[in-house]
K.L.:
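The structure that follows is given in the form of structure tokens.
Values below: every heavy atom of this structure, side chains too, minus hydrogens, waters and symmetry copies. In what follows, every chain begins at residue 1, and chains take the letters A, B, ... in the order their sequences are listed.
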Number of protein chains: 2
Amino acid sequence: MNIEVLNTGSELMLGQVQNSHLGYFSQLLLPLGLRIQRQHTLPDGPIIRDVLAESLSRSHVILLTGGLGPTSDDLTRFLVSDLCHCPLEYHPEIEAKIMDYFARRRITPPSSVKVQAQIPRSAQILDNHHGTAPGFHLLHQNCHLFCLPGPPSELYPMFEEQVIPLLQQLSPRTAAIHCRSFRIHGLGESEVQQRVEEPLLALGQVEIGYCARYREVDLRLISTDSALLDRMAQLVQSEFQEFIYAQGQDNMEQVVIHLARQQGRQLSTAESCTGGLLAHRLTNVPGASAVFHRGWVSYSNTSKTEELGVPTVTLDTHGAVSAATAEEMARGALLRSGADLAVSLTGIAGPEGGSPEKPVGTLFLALAEKTVDGTISCLTEEKRLVPRREVFKTMASQAALDLFRRALLKHNQRDSALTT
Amino acid sequence: MNIEVLNTGSELMLGQVQNSHLGYFSQLLLPLGLRIQRQHTLPDGPIIRDVLAESLSRSHVILLTGGLGPTSDDLTRFLVSDLCHCPLEYHPEIEAKIMDYFARRRITPPSSVKVQAQIPRSAQILDNHHGTAPGFHLLHQNCHLFCLPGPPSELYPMFEEQVIPLLQQLSPRTAAIHCRSFRIHGLGESEVQQRVEEPLLALGQVEIGYCARYREVDLRLISTDSALLDRMAQLVQSEFQEFIYAQGQDNMEQVVIHLARQQGRQLSTAESCTGGLLAHRLTNVPGASAVFHRGWVSYSNTSKTEELGVPTVTLDTHGAVSAATAEEMARGALLRSGADLAVSLTGIAGPEGGSPEKPVGTLFLALAEKTVDGTISCLTEEKRLVPRREVFKTMASQAALDLFRRALLKHNQRDSALTT
């Protein structure tokens, strides 16, 4: 089944909005055995008609997003109506719903919203429970065309509740495609390939993919043979062990919060150069509040001393960006928060502030941990990261999460060693 | 000039990586008078060849990204060589550079990297100063094909330093396309259109675009007539006034840091439900350290009391999610940090923790500000936001930044009132 995605909207072309639809669709279609062959992004305008005509001639399913709004650049319903020879029909029940939507929010609806009550004849209406523009589904020349709203808050519920069931009916007999992903932190793409690709292919036919990020790589295995993938997963697991932080789509913060909750251990954070990103990532995970109670963003020297108790002599002797300061920050966060584990970061995110000995990209991390006998153990790490501010912050927060993760894993291993 | 973008990589199709290339390219091409007509995303595999053949037949410029790496799913150089009848040629100087890249990082290069030293005959090599895979530029049937690496850290410098100058030579006489964007916070898309579209079109021909986000809209005006856009900008400005937080691409945190630096006023943050996102956004802006010295992530009640001095009686009487607690948090942050302005947030990000009176999505914000006579003024706001955790955090942090922004603007107005 040939599936194409058409995302429309000049704001996507101009880079004012990031397009996240493609990945969203893929992750819901794969379990149904469906893969997207092509995706197009197009500006608002007549080019949508040209590309849609091409796609209609070669696809079984088209997912078209955007252009259903009330403003003058929203052209989808007109172009589809014209191309598919289905005149627009006015639906009073849709207008009533739109008016109700505005009334509940105590907003006077502008007159332009009524255009959203017009749907091409013979199309099936897809209700919008989270906005004003309904979507619609049209069968044209054996191609199922789904026209859907662009904003994710409206698109996602409509897709999951109304489109997915229709697609399931269309492809009831396709074998599910299985995808195993291994998220590996601390190794490069080439090294990962060199260590596992040959042995994997010796086990059987599989589609292997790599996706490299900063000091990370996702290894992806795709096949319809689930048992084969199980054997391959064992091989990958035994080769990379604790370098694998997740199988599947979990991110590092989900893994850390999950481990901490399992162990009932509290986390705290003391951030200088990441400026709150580490705490933000931890608190993105639902249920983080069970294991994360407080954190500090201590950007200035004074705040490191006043909030975390870093001795001024440490700052004067070693500098704010040093292993000694990182260690004092982590200890301070641990003591003040009463947590079981605290991670600190101090570094130079740039663009200013670098020096020959400590260039932009320099990072010191520390982990302070309560030990069984009540003392505090501490370890520090120094890293040289990419000297671009936002990349640096992302990499630094990932390294900090990995410190938490490895400490929690070790605790698990100690526990299981004690019980055996 | 017809320009198309082809992004390749199964990880993009599978949603494991967000594609940010399109927006990046657009923002650099627009000032050259160049617009992208179509963008395609394709999985690794032979479909790249089909789509590339179509694009070559109708485009003047193709920007193709991805598939230049050393692993088995990297096919770009082979497909291009085949399609354009340019056999691959081995370049020892490229291999030497790759070996040097690994040597400087003290990593043993895997043998597979040597494939990256192969470039189609007659192609111009584009050096990669931030990774191993060089790009290349090929003229085929009057179409300029640029093959570029996928990772942004390698792509961006190559594009800016080597591709842009070549494109400038190709289109030396095109009139620049001007784009004016107005970022409007607190008004909806329909309302913005209703208030300005007719008067704008009465001034002259212009391409008008809208991009709606949560409680925000970007209004975009595009024309080659810069003087006309100036008149239109005046109209938009006088209609929406302080609802416009930026013209152009600046985001809210850049605006806030810029205003605070202008005024030499210090900011501080006390975050519960946003968990560090507000501080993270502020510290994304280079130079934030001049006006932001410290912030708190006080998730638990105890931390609100211990770190920010929120009286337990306030928490007991009004609850942690209340205007009273928000006010005490902001006051506490202001006093402890010595800043001039502090914003606090407390709310229910969900999915758990809601109640009938305070459902998920409830947010209280407070702004504490040092006044001229040394006292502290405080204002609080209550909002009901989208009850999805990550959306909620984003909207809440945006509302908090807007509180900072409006307070800083008022200060500017007071200043100018005093001097006149």
Side-chain angles (χ1 to χ4, degrees), chain A residues 10-11 13-20 22-24 26-27 36-42 47 69-73 110 112-113 151 153 189-191 193-194 197 208-212 218 275-277 279-280 283-284 286 289 292-300 303 307 351 386 389-391, chain B residues 10-20 22-24 26-27 36-42 47 69-73 110 112-113 151 153 189-191 193-194 197 208-212 218 275-277 279-280 283-284 286 289 292-300 303 307 351 386 389-390:
Chain A
S10 297
E11 70 277 11
M13 301 307 287
L14 295 169
Q16 297 176 320
V17 171
Q18 273 265 16
N19 187 350
S20 58
L22 176 60
Y24 168 76
S26 292
Q27 296 191 2
I36 296 165
Q37 271 71 33
R38 305 186 186 198
Q39 179 262 353
H40 316 256
T41 312
L42 305 168
I47 194 176
T71 49
S72 51
D73 56 354
S112 58
V113 299
S153 59
E189 186 180 13
S190 304
E191 183 176 358
Q193 173 175 19
Q194 208 163 34
E197 189 158 308
I208 304 180
Y210 302 89
C211 175
D218 288 347
L277 175 56
H280 167 51
T283 59
N284 276 347
S289 58
F292 177 76
H293 290 179
R294 70 182 92 172
W296 288 264
V297 181
S298 54
Y299 233 48
S300 67
S303 74
E307 303 301 331
V386 173
R389 192 171 181 93
E390 297 204 20
V391 177
Chain B
S10 296
E11 70 278 11
L12 299 170
M13 301 307 287
L14 295 170
Q16 296 176 320
V17 171
Q18 273 267 14
N19 187 349
S20 58
L22 176 60
Y24 168 77
S26 292
Q27 295 190 3
I36 296 165
Q37 271 70 35
R38 307 187 185 197
Q39 178 262 353
H40 316 256
T41 313
L42 303 169
I47 194 175
T71 49
S72 50
D73 56 354
S112 58
V113 299
S153 59
E189 185 181 14
S190 304
E191 184 177 357
Q193 173 176 20
Q194 207 162 36
E197 188 158 309
I208 305 181
Y210 302 90
C211 175
D218 288 347
L277 175 56
H280 166 51
T283 58
N284 276 347
S289 58
F292 178 76
H293 291 179
R294 70 182 93 174
W296 289 264
V297 181
S298 54
Y299 233 48
S300 69
S303 75
E307 302 302 331
V386 172
R389 192 172 181 92
E390 296 205 20

K.L.:
Please check: side-chain N/O of B:Arg389 versus main-chain N/O of A:Thr283, any donor-acceptor pairing under 3.5 Å?
P.N.:
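Yes.
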K.L.:
With only heavy atoms counted, which part of A:Ile47 is less than 4.5 Å from chain B, the side chain, the backbone, both or neither?
P.N.:
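For A:Ile47, the contact with chain B is made by the side chain alone.
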K.L.:
Do you know the tightest heavy-atom contact between B:Phe292 and A:Val297?
P.N.:
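That closest heavy-atom pairing would be CE2-CG1, 3.7 Å.
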K.L.:
Which region of B:Gln37, side chain (C-beta onward) or backbone (N, CA, C, O), has a non-hydrogen atom less than 4.5 Å from a non-hydrogen atom of chain A, or is it both or neither?
P.N.:
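The answer is both parts of B:Gln37.
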K.L.:
Do you know which two heavy atoms are closest between B:Asp73 and A:Gly209, and how far apart they sit?
P.N.:
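Closest heavy-atom pair between B:Asp73 and A:Gly209: OD2-CA, 3.4 Å.
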K.L.:
Classify the angle between the aromatic ring planes of B:His40 and A:His40 as parallel (below 30°), tilted (30 to 60°) or perpendicular (above 60°).
P.N.:
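Ring orientation, 0 to 90° scale: perpendicular.
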K.L.:
How long is the gap from CG on B:Leu12 to OG on A:Ser26, to the nearest 0.5 Å?
P.N.:
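Atom-to-atom, B:Leu12:CG and A:Ser26:OG are 9.5 Å apart.
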K.L.:
Sort out for me which of A:Pro70, A:Pro286, A:Ala279, A:Ser20 touches chain B most, counting heavy-atom pairs under 4.5 Å.
P.N.:
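Top count of heavy-atom pairs under 4.5 Å with chain B: A:Pro286.
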K.L.:
May I ask you to test the A:Val391-B:Ser153 pair for a side-chain heavy-atom distance under 4.5 Å?
P.N.:
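No - every pair of side-chain heavy atoms lies 4.5 Å or more apart.
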K.L.:
Can you tell me how far apart CE (A:Met13) and CG (B:Leu22) are? Round to the nearest 0.5 Å.
P.N.:
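Output value for this atom pair is 5.0 Å.
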K.L.:
So which of A:Gly276, A:Gly69, A:Ser289 has the largest heavy-atom pair count under 4.5 angstrom toward chain B?
P.N.:
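Among the listed options, the one with the most contacts to chain B is A:Gly276.
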K.L.:
So, does A:Asn284 use its side chain to make a donor-acceptor pair with the main chain of B:Glu390 at under 3.5 Å?
P.N.:
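Not at all, since once roles are kept as given, no pair shorter than 3.5 Å links the two residues.
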K.L.:
Counting only non-hydrogen atoms closer than 4.5 Å, does B:Ser298 touch chain A with its backbone (N, CA, C, O), its side chain (CB onward), both, or neither?
P.N.:
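Contact with chain A: backbone only.
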